[in-house]
Amino acid sequence: MESRIVNINNRADIRIYEGGSGPDLFFLHGAGGLLQDDPFLVELMKHYRVCAPLLPGYEDSECEHLRDMLDFTLHSFDVLEHLKLTKPLLVGHSMGGMIAAEMAAVAPNEVEKLALICPAGIWSDDYPIPDLFALLPYELPGLLFHDAEKNGQLMSAGGDFNDPVFLTEFLVGNARRMGSAGKILFPIPDRGLSDRSYRIKAKTEIIWGAQDKLIDPHYGELFNQAIADSNLTLIQEAGHMLPYEQTEQVLGVLSRF
Amino acid sequence: MKFTFFNLMPWPYLPDDFRKKYRSVWVDIPSTLYDPVKGHTVYNDYLDTLEYAEEVGFDGIGVNEHHANAYGMMPSPNIMAATLARNTKKAAVVVLGNSIALYNPPVRVAEEFAMLDVISGGRLIAGFPVGTSMDTNYAYGQVPALTREKYTEAHELIIKAWKEQEPFAFNGRYNKLRHVNCWPKPVQNPPPIYIPGGGSLETYDFCIENDYVYCYLSFSGFIRAKKLMDGYWQRVEEAGKDPSPYRGGFAQTIIVAETDEEAEKEYREYVDYFYNRCLHVYPGFADAPGYRTIKTLQANVTEQMTQNANVSKMSWQELIDQGYVIAGSPDTVVEQMTRLATTLNVANIFCLIHIGNMPKDKCMRSAKLFAEEVIPKLRNVFPDFADDDRFWINPIEHVSEATVEEAN
């Protein structure tokens with residue numbers, strides 16, 4: 001997959017994955033980052049011109065200036081502007097959905113089409129979200145996938161944890177990624193979105209895996225209530241990683257725009 | 001050398017099947033395991049051991065801060081230090097320390113440490129830890145990747161609050177204060193500052209730049225600590241500072257009995273309790289991603305992963321040979337302590353003499369033997385730095401009239 005590093009306002013060096021043709025689509029990844037040759041992006045690129053920036057801390061994207069939700073939100077607008085994208089279809093998965101929803105709330109006239117795939121950003125005491133930061137690597141597939149046996153291997157790059165070089169690389173990479181994600185997700189993934197969601201004007205498709213064990217599908221209803229012009233689609237046989245487990249169905253929802 | 005008696009204040013009633021039944025001694029341990037009525041005796045026994053340590057001749061008595069755990073029950077070390085400040089007269093009150101990124105605003109630390117220093121008559125040693133990830137991130141909710149930045153700002157604010165003679169405004173990223181005005185001011189301004197570190201390079205440099213004491217608080221003994229302390233001394237040399245062993249501190253589990261055999265027979269069970277129950281931390285709580293800097297991770301990640309060997313399976317002799325525990329007759333302990341001090345070039349020893357569920361009388365017996373039979377033989381391990389008192393307390397009776405007046 002094609003990618004390049006772009007410098008944003010002399011503050012950030014960001015890797016952007018891009019490709020495909022069709023309407024513009026701006027994709028914000030979840031806390032795990034993109035997968036190798038990300039299969040979801042590959043499919044998106046068959047229908048859209050896709051730009052998918054990696055947040056600072058992911059692969060070689062760097063920026064020392066992001067600390068809070070507003071920083072992440074404005075940073076994403078900076079990237080959008082740098083890429084000269086005007087009102088693309090804004091798609092965010094999980095943490096990326098949280099950022100996308102914030103963008104739509106902060107600048108409601110700039111975001112017209114919004115797709116939130118099991119986004120973070122709202123907290124309900126009745127449905128506590130497991131602490132992603134206290135999980136061990138082997139616990140992740142079971143929480144993230146509906147069919148962990150079939151799809152769990154998507155996450156392991158085939159490395160050997162007994163190899164100290166691989167282990168160091170993995171832990172450093174994980175510390176960079178999750179250290180960055182922690183700025184908006186730790187310890188509770190709620191930075192006040194529900195106070196601002198009334199401002200969202202975008203036509204919004206909310207898409208949830210019916211078997212999501214990380215962020216319960218109940219949150220789909222909360223998002224649906226929180227956003228005025230929204231529609232919730234529940235997809236069966238899909239967990240939190242539904243873009244990878246039910247790619248075609250997610251694309252089907254996106255085609256409504 | 002300077003010897004500080006430490007009591008970590010563990011909860012001594014964790015069940016025998018604790019390891020099997022519960023995943024962690026920290027963060028999510030059920031508080032049904034705590035009993036406040038027993039806790040009353042436990043706290044008072046522990047405070048007794050600390051006061052007793054002064055009586056038998058330790059230079060300092062030490063407390064520290066932890067949260068949501070049965071490993072060390074001092075969420076507020078300053079409360080412990082306050083009682084010690086009143087009930088002791090000579091010993092340094094070593095608070096190791098206040099996790100300054102957790103206080104809002106950190107002026108609170110400047111104030112409370114000043115109170116302790118004034119009450120004790122200038123006997124405070126002020127520790128500024130970042131705090132373990134279990135405490136700082138998981139129990140107290142600090143964002144891991146921002147904790148160090150917040151810590152750095154808190155440090156700057158506290159030092160300034162002590163030093164400035166006039167109220168000032170502080171426009172920090174995490175602290176916006178229009179009127180910083182620290183009342184009271186400490187007797188020692190500043191008190192000696194000790195920084196617990198775990199091998200992070202940034203902490204080495206921070207200590208060296210400010211002439212703070214770098215303290216390695218490991219439980220895996222001095223042999224495994226050598227590489228880490230060597231790294232510190234190398235940075236000290238590169239910075240052109242003198243290699244005074246008083247720039248370094250080390251925590252060591254120590255048991256003294258009449259004979260080597262008695263040490264094992266009488267104390268082994270408390271060592272097992274400590275390593276098997278008090279250090280039973282769920283790996284998911286050990287190190288929140290972002291808590292350590294990338295530079296530190298790259299330098300020594302695998303080393304840190306392998307530090308906690310399976311102590312439960314070690315024989316007594318292995319524990320001693322590998323330096324986890326220094327134990328035996330006074331002569332044996334003198335010999336091993338000398339090796340520790342010279343191996344690490346460290347003159348401040350935090351003596352973990354209370355261990356696990358050790359009862360008060362046994363703790364006191366070991367403390368007395370250490371103070372009377374061991375300490376006198378270790379006083380001159382570093383003759384070149386015999387007069388180096390830069391890193392120790394300077395109580396009121398040692399302060400000249402002129403200095404007091406100047407401070408006024």
Side-chain angles (χ1 to χ4, degrees), chain A residues 31-33 55-72 95 123 128 130-140 142-143 159-191, chain B residues 23-24 26-29 67-69 101-102 130-153 172-175 199-202 281-307:
Chain A
L55 281 166
Y58 290 77
E59 293 183 23
D60 49 0
S61 282
E62 294 275 6
C63 177
E64 289 173 4
H65 305 287
L66 305 192
R67 291 183 179 80
D68 61 17
M69 194 68 234
L70 184 60
D71 294 339
F72 277 72
M95 174 180 75
W123 178 267
D131 185 355
L132 199 57
F133 297 86
L135 292 171
L136 301 179
Y138 71 85
E139 296 174 300
L140 281 169
L143 265 180
D160 176 7
F161 283 101
N162 294 317
D163 170 8
V165 176
F166 174 80
L167 183 64
T168 303
E169 268 173 26
F170 173 82
L171 289 173
V172 166
N174 190 54
R176 271 171 51 77
R177 288 188 294 272
M178 294 305 286
S180 181
K183 292 174 179 176
I184 53 173
L185 300 181
F186 189 95
I188 303 248
D190 179 351
R191 295 295 188 265
Chain B
R23 70 171 184 172
S24 189
W26 230 298
V27 183
D28 64 356
I29 178 173
H67 301 277
N69 76 107
L102 303 181
V130 174
T132 71
S133 195
M134 295 85 84
D135 296 312
T136 303
N137 306 130
Y138 292 103
Y140 263 40
Q142 299 300 312
V143 171
L146 301 176
T147 301
R148 278 162 211 280
E149 188 174 75
K150 203 174 171 201
Y151 171 93
T152 303
E153 183 178 307
R173 191 181 291 282
Y174 300 94
N175 300 279
S200 114
L201 304 175
E202 293 80 359
V281 177
Y282 178 63
F285 295 143
D287 198 348
Y291 167 75
R292 282 179 213 285
T293 64
I294 297 306
K295 210 163 115 189
T296 299
L297 278 178
Q298 282 164 338
N300 54 17
V301 66
T302 43
E303 211 167 304
Q304 283 174 357
M305 301 274 299
T306 55
Q307 278 236 335

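All values derive from a computational prediction rather than experimental measurement. Letters go in sequence order (proteins before strands), and every chain restarts at 1. Because only heavy atoms are used, hydrogens play no part in the values below, and waters and symmetry mates are left out as well, while side chains stay in.
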Exercise. Is there a donor-acceptor pair closer than 3.5 Å between any side-chain N or O of Ser133(B) and the backbone N or O of Ala288(B)?
Worked result: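 Between the backbone of Ala288(B) and the side chain of Ser133(B) there is a qualifying donor-acceptor contact (under 3.5 Å).
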
Exercise. Okay, side chain of Glu202(B), backbone of Thr293(B): is any donor-acceptor separation there less than 3.5 Å?
Worked result: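 It does not hold such a pair.
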
For this session: Go through Asp287(B) and Asn137(B) one step at a time and tell me if the side chain to side chain contact (heavy atoms under 4.5 Å, CB included) criterion holds.
Result: CA-CA 9 Å; Asp287(B) 198 348; Asn137(B) 306 130; over 6 Å; no

For this session: Output yes when Asp68(A) and Arg191(A) qualify as a salt bridge under the 4.0 Å nitrogen-oxygen rule, no when they do not.
Result: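 Here Asp68(A) does not pair with Arg191(A) in a salt bridge, since their nearest N and O are not under 4.0 Å apart.
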
Problem set entry | Top contributor to chain B contacts, counting heavy-atom pairs under 4.5 Å, from Arg176(A), Glu139(A), Arg67(A), Met178(A) |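 Counting heavy-atom pairs under 4.5 Å, the top option is Arg67(A).
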
Problem set entry | Winner by heavy-atom pair count (cut-off under 4.5 Å) against chain B, out of Ala181(A), Ala134(A), Pro187(A), Gly182(A) |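 So the answer, after comparing Ala181(A), Ala134(A), Pro187(A), Gly182(A), is Ala134(A).
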
For this session: Search all heavy atoms of Phe72(A) against all heavy atoms of Ser180(A) and return the closest pair with its distance.
Result: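 Shortest heavy-atom separation between Phe72(A) and Ser180(A) comes out as CZ-O, 3.5 Å.
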
Exercise. Given a strict heavy-atom distance threshold of 4.5 Å, which part of Tyr291(B) is in contact with chain A: side chain, backbone, both, or neither?
Worked result: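 Nothing of Tyr291(B), per the 4.5 Å heavy-atom cut-off to chain A.
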
Exercise. What part of Gln142(B) gets closer than 4.5 Å to chain A, counting heavy atoms only: side chain, backbone, both or neither?
Worked result: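 The backbone, not the side chain.
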
Problem set entry | Leading residue by heavy atom contact count with chain A [cutoff under 4.5 Å; candidates Pro283(B), Ala145(B), Pro144(B)] |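 Of the options given, most contacts go to Pro144(B).
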
